Amino acid sequence: VDLTATATYRPPDLPPFSGSGAFRGTLEKLGIDVALAGPFAAKVRGDVLAPMREPVVDLAAEVRGFEARKIDATWPDAWP
């Protein structure tokens with residue numbers, strides 16, 4: 001597998017989420033390197049093992065500029 005994709009998800013009551021990334025490897029071990037561009041910046045990297053059977057994920061995420069109230073004004077600024 002050697003796939004690059006760009007996507008936008010537009011939930012009905014939230015701002016759109018957009019991002020792009022790469023999926024590389026095999027159907028036994030699929031590498032993921034994805035960046036979310038909005039409504040905040042995030043990166044997810046790692047592997048999904050056996051994605052077509054019983055997936056096991058080993059992912060790391062880095063989030064920057066997350067402001068919960070920009071997504072939903074009723075959400076708190078932070079969770080405990």
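The structure presented is a predicted model; accordingly, all values stated were derived computationally and were not measured.
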Only counting residues at least two apart or in another chain, list the ones meeting side-chain hydrogen bond (donor to acceptor under 3.5 Å, both in side chains) with E67. none
With E62 via side-chain hydrogen bond (donor to acceptor under 3.5 Å, both in side chains) - residues at least two apart: R64
Listed partners of D2 passing salt bridge (charged side-chain N to carboxylate O under 4.0 Å, His left out), at least two apart: R24
Measuring from atom CG of L30 to atom CG of D47, what distance do you get when rounded to the nearest 0.5 angstrom? 8.0 Å
Interatomic spacing from CG in L14 to OH in Y9 - rounded to 0.5 Å: 7.5 Å
F40 and F66 aromatic ring geometry - parallel, tilted or perpendicular at 30°/60° bounds: perpendicular
Could you walk me through whether L49 and D58 pass the side-chain contact (heavy atoms from CB on, under 4.5 Å) check? CA-CA 8 Å; L49 305 176; D58 181 13; over 6 Å; no
Residue that, paired with F23, satisfies side-chain contact (heavy atoms from CB on, under 4.5 Å) out of V34, T4, D33: V34
Do V56 and L59 share a hydrophobic cluster (ILVMFWY, side-chain heavy atoms under 4.5 Å, transitive)? no
Over all heavy atoms of both residues, which pair between P39 and P16 is shortest? Give the atoms and the distance, please. CD-O, 3.6 Å
Closest heavy-atom contact between V48 and P55? CG1-CB, 4.1 Å
